[in-house]
Structure formats: structure tokens, C-alpha cells
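In what follows, a structure is listed as C-alpha cells, so that the remarks can point back to it.
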Amino acid sequence: MILFKQAGALTEHLQRQKNTGKTVGFVPTMGALHEGHLSLIDQCTAGNDITVCSIFINPTQFNNPEDFKHYPVTISMDIEHLVAAGCDILFLPSTSEIYPTGYLKKHYDLGSIEHNLEGHYRPGHFQGVCEVVDRLLDIITPDNLYLGQKDFQQCMVIKKLLEITGRAVKVDLHICPTKRESSGLAMSSRNLRLTGQEKELAVSIYKELENIKVNLPQTPLETLKKNAKEHLTRQGFLVDYVEIAKAGDLAPSENASEADVALVAATIGNVRLIDNLLLN
Ligand code: PAF
């Protein structure tokens, strides 16, 4: 695996490879890699000549400074995992490499998806995500981009980013299934901050999502959401939302026939977890 820290050197290297007809796949991450990320690397290596992974904890997408401060950093282990998974290139830039002096902040016109659900609880978050992904796509210009379904709203936002920046025709977006522990808990870098007991409790989020899916045909949506919220609250979660939504803009579904995905965000202890389940 080749390690690049400079954007210019990486762009030149990839351009030379592309000139020889090689395809490039890209997996953007913030490190603290787990099996979920590694499954993205697997899908990327299977579908491309060159797999690029980036590790960059992007400050502009953290609306909560405490969350940024405590974001786990496990670089040497991440490198070992990436080598074992057959990743070809790791891009490990500094903040000044991504946002150099004179870099002009852009505004992305994402429509209502920016403010729904996560957007409401994390103002500015998706502008920050778009800012860094736009920059990374400029540097890497991949043919294929791999994202985890665990961050479903982020996937929809990046799909929109590709459309509004005219990249949708050049980059194929692959949304890959969420990797789960045998308990059902969605794998996440944030799980590293859960105590043993919190980790056991956290499984309830997936159980409530499954419950919604099973009962969707015969139960009003409002009842499903209310019950899930109550169950989680009773177990000690601080629930931000339980929503049943349409894919695309994640507006609340009016009825079961337009219910594409159920989504939950809830905090246990000091850790805010999100998860979702496709309903059809
Ligand atoms: O999902 C993440 O890890 C980040 O939001 C991403 C896509 C790497 C952008 O910083």
C-alpha cells in the first residue's frame, strides 16, 4: 500500500494510472476502521483496479466540539487492516492539505434533506460532509465511490452532491449494506466509546427497527414510531428521533406504501448512535 499525504502527488499518481486505462475506486473514512469499513474496501477492490481509502477526521462536519475531540484515532491499526484488506493507496492528509490557505468555503444547495432528521440535530453537519467529500473527489476523481448504508442520510446527501456538482455521470455511487455484530448492533467507530453494559443496551435500537419492519403492514406509522420511542426511552436512551421516511429526501412517510426506511438516532451514556433499516 502506498501512503500519500499530499493531494497534488496523489492526483498526479492517479492520473498516470488512469492514462493506462486503470479504474479507481474510493472509500472515504474518518479512520477507527472496523469490519463495516473493511467490507467497503472489499467491494472496492473487487470492482476496481486501484482502491484508494482516505482517513481524515473532518473538523467542519462536527457541530459538537466534544464529539470531534473524542473521535477515536487508531491510525497504526487502521494501516494494518488496510494492508491486510488489499487496499492500494491510503490518503492521509493534514487539515491544511484539505483546506489550504485561500480555500473558499462553498455552500451546497441540498434542498430539504439537509435539514431533516440528522440535519435538524446537527446543524451544518451535511454542509461539512459535502465540503470534504467534494474536495476529496476533486483530488481522487474516482470512477466508483463506496459508502455504508449505516449513514443512510449521508448516502442520500452525497448522491445529491454528485447530482448538483455534475459528477453523477462520472462517478458511480455504491451504497453497501450495514455490517452488524452478531447481536444486531450496527458496527460504528463510536461503539468504541460504549461501556459493556451500554453496548448490550444499544442492541435495542436494531430490535426496534426490526419491530417496525415486521409490524409495518398492520400498524399505523405514528403508533410504530411512538412505541419504539417509548421502549427506547424506558431503557435509558435519550431519543432524538424514530422516523419512517421516504428515501431521497427522508421526508416522513404518510403511509406504509411510501415507507422506504426506518431511522433512529438515540444517545446512551455519552454516545449518540444512529441506525436504519430498509423497509421494502
Ligand atoms: O462517514 C464518514 O466517515 C464521513 O462522514 C466521511 C464520508 C468520510 C466524510 O468525512
Side-chain angles (χ1 to χ4, degrees), residues 3-11 26-34 36-37 40 52-79 81-82 89-110 113-142 145-148 150-162 164-165 167 187-194 240 265 267 269-274:
L3 171 66
F4 283 89
K5 291 191 169 183
Q6 252 90 49
L10 174 58
T11 305
F26 176 42
V27 181
T29 81
M30 298 205 296
L33 303 182
H34 50 69
H37 295 112
L40 301 182
V52 183
C53 174
S54 64
I55 296 181
F56 177 65
I57 305 178
N58 173 36
T60 71
Q61 71 186 74
F62 286 84
N63 54 310
N64 175 354
E66 282 303 298
D67 196 20
F68 178 55
K69 210 165 85 192
H70 293 119
Y71 203 84
V73 180
T74 58
I75 287 293
S76 34
M77 248 161 61
D78 291 348
I79 291 178
H81 286 316
L82 289 172
I89 293 175
L90 169 59
F91 182 40
L92 193 60
S94 62
T95 305
S96 60
E97 198 59 29
I98 294 295
Y99 304 120
T101 320
Y103 164 80
L104 289 180
K105 217 174 168 55
K106 293 183 201 158
H107 178 83
Y108 300 90
D109 194 359
L110 301 169
I113 194 165
E114 179 179 353
H115 305 290
N116 291 339
L117 305 180
E118 284 302 289
H120 175 76
Y121 289 92
R122 304 183 68 187
H125 169 65
F126 288 125
Q127 286 294 324
V129 168
C130 285
E131 187 172 38
V132 74
V133 172
D134 195 14
R135 189 74 186 101
L136 291 167
L137 291 176
D138 266 348
I139 295 165
I140 293 158
T141 56
L145 173 64
Y146 296 81
L147 298 172
K150 154 96 176 22
D151 295 297
F152 189 81
Q153 190 168 3
Q154 171 170 275
C155 293
M156 295 298 111
V157 162
I158 293 177
K159 185 168 179 273
K160 178 96 186 178
L161 173 75
L162 296 179
I164 63 177
T165 54
R167 285 198 182 90
M187 290 186 184
S188 162
S189 307
R190 288 190 169 82
N191 294 354
L192 289 174
R193 291 171 47 205
L194 295 169
D240 282 346
T267 300
N270 289 321
V271 188
R272 186 174 184 276
L273 299 170
I274 58 169

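Side chains of Val132 and Tyr99 form a contact here, defined as non-hydrogen atoms less than 4.5 Å apart. Within the 4.5 Å cutoff, no side-chain heavy atoms of Asp151 are placed close to those of Val129. Here the side chains of Asn191 and Val271 are not in contact, with every heavy-atom distance at 4.5 Å or above. Contact of the Phe56 side chain with the Thr95 side chain is registered, since non-hydrogen atoms from C-beta on lie closer than 4.5 Å. A 4.5 Å side-chain heavy-atom check between Leu162 and Leu137 finds at least one atom pair inside the cut-off.
Note that CD1 of Ile158 and OH of Tyr108 are 11.5 Å apart. Values are rounded to the nearest 0.5 Å. Between atom NZ of residue Lys160 and atom SG of residue Cys155 there is a gap of 15.5 Å, rounded to the nearest 0.5 Å. For the atom pair Arg122 CZ and Gln61 CD, the distance stands at 7.0 Å (nearest 0.5 Å). Distance check, rounded to the nearest 0.5 Å: CG of Asp109 to CG of Leu161 gives 11.5 Å. We find the CD-CZ distance between Gln153 and Phe126 to be 3.5 Å, quoted to the nearest 0.5 Å. The line from OG1 of Thr165 to CZ of Arg167 is 4.5 Å long, rounded to the nearest 0.5 Å.
Between the Asp78 side chain and the Leu33 main chain, a donor and an acceptor come within less than 3.5 Å of each other. Put simply, the side chain of His115 never gets that close to the backbone of His120: no donor and acceptor are under 3.5 Å apart.
Contact between Asn270 and Arg193 at its shortest, heavy atoms only, is O-NH2, 3.4 Å. The nearest pair of heavy atoms linking Gly31 to Ser189 is O-OG, 3.6 Å. A pairwise comparison of heavy atoms in Ala7 and Glu97 identifies N-OE2, 2.8 Å as the closest pair. Leu82 and Ile55 make their closest contact through CD1-CD1, 4.3 Å (heavy atoms, listed as atom of the first residue, atom of the second, distance). For Phe26 against Cys53, the heavy-atom pair with the smallest separation is CE1-C, 4.4 Å. Here the closest non-hydrogen pair linking Lys150 and Ser188 is CE-CB, 3.8 Å.
Side chains of Asn58 and Tyr71: no donor on one and acceptor on the other come within 3.5 Å.
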Under the criterion side chain to side chain contact (heavy atoms under 4.5 Å, CB included), I'd like the reasoning laid out for Phe62 against Met30: C-alpha separation, chi angles, the key distance, then a yes or no. CA-CA 12 Å; Phe62 286 84; Met30 298 205 296; 3.8 Å; yes
Could you walk me through whether Lys106 and Cys130 satisfy the side chain to side chain contact (heavy atoms under 4.5 Å, CB included) test, starting with their C-alpha distance in whole Å, then the side-chain angles of each, then the deciding distance to 0.1 Å, before giving a yes or no? CA-CA 9 Å; Lys106 293 183 201 158; Cys130 285; over 6 Å; no
How far apart are the C-alpha atoms of Gln127 and Leu110, what are their side-chain angles, what is the distance that settles it, and do they pass the side chain to side chain contact (heavy atoms under 4.5 Å, CB included) test? CA-CA 9 Å; Gln127 286 294 324; Leu110 301 169; 4.0 Å; yes
Between Phe91 and Leu136, is a side chain to side chain contact (heavy atoms under 4.5 Å, CB included) present by the stated rule, with each step listed? CA-CA 10 Å; Phe91 182 40; Leu136 291 167; 3.8 Å; yes
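Under the 4.0 Å criterion applied to side-chain N and carboxylate O atoms, Asp67 and Arg272 are not assigned as salt-bridge partners. A salt bridge links Lys105 with Glu131: the distance from a Lys NZ or Arg NE/NH1/NH2 to an Asp or Glu carboxylate oxygen falls below 4.0 Å.
Under a cut-off of 6.0 angstrom, the local environment of CG in Asn63 is crowded, with over 12 non-hydrogen atoms contributed by other residues, nucleotides or ligands.
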